[in-house]
Amino acid sequence: MTAYMDHKDLANETIDATRAKEIADGVHGVLDRIARAESAAGRAPGSVKLLAATKTRDVGEIMAAIDAGVRLIGENRPQEVAVKAAGLRRQCAERGFALGVDDPDGGDGALALGEQDTSHAVERIPFHLIGQLQSNKIGKVLPVVNTIESVDSIELAEKIARRAAMHGITVGVLLEVNESGEASKSGCDPAHAIMLAQRIGTLDGLELQGLMTIGAHVDDERTIRRGFAHLRKTRDQILDAGAPGTEHCTELSMGMTHDMELAIEEGSTIVRVGTAIFGERAFI
Ligand SMILES: *Cc1c(COP(=O)(O)O)cnc(C)c1O
């Protein structure tokens, strides 16, 4: 259990109007930044998705972001996924959205895990895991998340694939690449990314959807940009090589509060933003 979880009730669903307005302003500000960056880079409007990075935020805060237009959320820690999932699902259902993977044992008429909803078009808000995943927590996140963005080894990929096969589902994965080489960061060695992507592509139960990286923690723009550009080049090489199971490897999850404009210029398709939506985090 992480310490801040003792200090904040992450399942809380009620926030005051001032806080909701603050979050709505944050979402609108970020959507404006994305639109301006798409246009400056000559990219089509809507080509970059906003993922709200919701670590340390409670259900009420996350719903305020969804009410303001967020349509994709990402959590770092399996414990937080577990604490918030039921409240988020219920609140989303009240607004006519389906959240993440349909609850396998939800008594709410939800579909069984992995079952396709062909009856009517309910808008789904996909749920991603964006933080490190220890293999003993895979079972905690699979019933909720559509995509795991933080797969950085073949061992982890194989374990997720085995679990997914047990449930009879397919899980989306992004291969996380440590483009900055910073020791504090997770992610595979960029030199191994293409080989790893091709091996992940062969695993049943996984759909390789793209690549993810965290920008270099430096002030120098050129250094940050170089990492993003290299991730894009790696993605293009994977697609060009055309190995089996890599044909959906299109997403580039890169760019956060401080570097999203650079990432969008370098081809990002998903920016993961926390601080610019919700404000500074009171807990790590
Ligand atoms: C927290 C986090 C983000 C968002 O960071 P901000 O600087 O708050 O926008 C993005 N990606 C990952 C993996 C994170 O942990």
Side-chain angles (χ1 to χ4, degrees), residues 2-5 8 10 19 22-34 36-37 48-58 61-62 64-66 68-81 83-84 126-134 137 141 145-153 156 172-188 209-219 221 224 227-228 231 251-264 266 268-284:
T2 319
Y4 65 83
M5 292 182 74
K8 180 166 175 175
L10 296 174
R19 180 70 181 128
E22 212 170 80
I23 293 168
D25 290 346
V27 170
H28 299 147
V30 172
L31 290 173
D32 281 350
R33 280 176 66 181
I34 292 171
R36 270 181 274 130
V48 181
K49 294 185 275 283
L50 169 60
L51 175 150
T54 52
K55 58 177 176 276
T56 79
R57 317 301 178 175
D58 66 26
E61 292 174 296
I62 298 166
I66 288 172
V70 162
R71 291 294 177 266
L72 171 60
I73 65 172
E75 281 287 349
N76 284 68
R77 300 173 178 93
Q79 293 96 320
E80 285 200 48
V81 173
V83 169
K84 299 176 204 177
F127 200 145
H128 288 198
L129 186 80
I130 63 174
Q132 259 182 21
L133 178 60
Q134 290 169 319
K137 301 279 165 51
V141 298
V145 306
N146 306 92
T147 296
I148 300 173
E149 296 203 9
S150 40
V151 175
D152 61 359
S153 72
L156 179 60
V173 302
L174 304 189
L175 174 64
E176 182 176 356
V177 185
N178 185 357
E179 288 289 354
S180 70
E182 290 164 15
S184 60
K185 292 205 168 83
S186 45
C188 72
Q209 297 173 339
L211 307 178
M212 181 271 227
T213 198
I214 298 173
H217 191 64
V218 295
D219 289 328
E221 270 197 10
I224 302 169
F228 292 154
L231 195 75
E251 303 282 2
L252 288 173
S253 176
M254 56 189 198
M256 310 184 358
T257 291
H258 295 293
D259 56 17
M260 68 172 119
E261 281 83 4
L262 287 178
I264 290 169
E266 296 300 336
S268 172
T269 64
I270 301 173
V271 291
R272 309 178 308 270
V273 181
T275 309
I277 293 175
F278 299 104
E280 294 293 333
R281 280 178 289 277
F283 310 97
I284 300 298

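Everything numeric in this text was worked out from a predicted model, so none of it was measured. Order of listing sets the numbers, starting from 1, for every ligand and every atom in it.
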Asks: Would K55 and E75 pass as an ion pair if we require N to O under 4.0 Å?
Replies: no
Asks: Short N or O contacts of ligand 1 with protein, under 3.5 Å, listed by atom name?
Replies:
unit_1: ligand 1; atom_1: 8 (O); unit_2: T275; atom_2: N; d: 2.8
unit_1: ligand 1; atom_1: 8 (O); unit_2: T275; atom_2: OG1; d: 2.6
unit_1: ligand 1; atom_1: 8 (O); unit_2: R281; atom_2: NH1; d: 2.9
unit_1: ligand 1; atom_1: 8 (O); unit_2: R281; atom_2: NH2; d: 3.3
unit_1: ligand 1; atom_1: 9 (O); unit_2: T257; atom_2: N; d: 3.1
unit_1: ligand 1; atom_1: 9 (O); unit_2: T257; atom_2: OG1; d: 2.5
unit_1: ligand 1; atom_1: 9 (O); unit_2: G274; atom_2: N; d: 2.9
unit_1: ligand 1; atom_1: 11 (N); unit_2: R272; atom_2: NE; d: 2.9
unit_1: ligand 1; atom_1: 15 (O); unit_2: K55; atom_2: NZ; d: 2.8
unit_1: ligand 1; atom_1: 15 (O); unit_2: N76; atom_2: ND2; d: 2.7

Asks: Check this for me, if you would: do E61 and K84 make a salt bridge, where the nitrogen-to-carboxylate-oxygen distance has to be below 4.0 angstrom?
Replies: no
Asks: Quick check on H217: does its NE2 atom have over 12 non-hydrogen neighbours (other residues, nucleotides or ligands) under 6.0 Å away?
Replies: no
Asks: Is the closest basic N to carboxylate O distance between K185 and E176 below 4.0 Å?
Replies: no
Asks: CG of D219: more than 12 outside heavy atoms within 6.0 angstrom?
Replies: no
Asks: Does D25 use its side chain to pair, donor to acceptor, with the backbone of E22 at less than 3.5 Å?
Replies: no
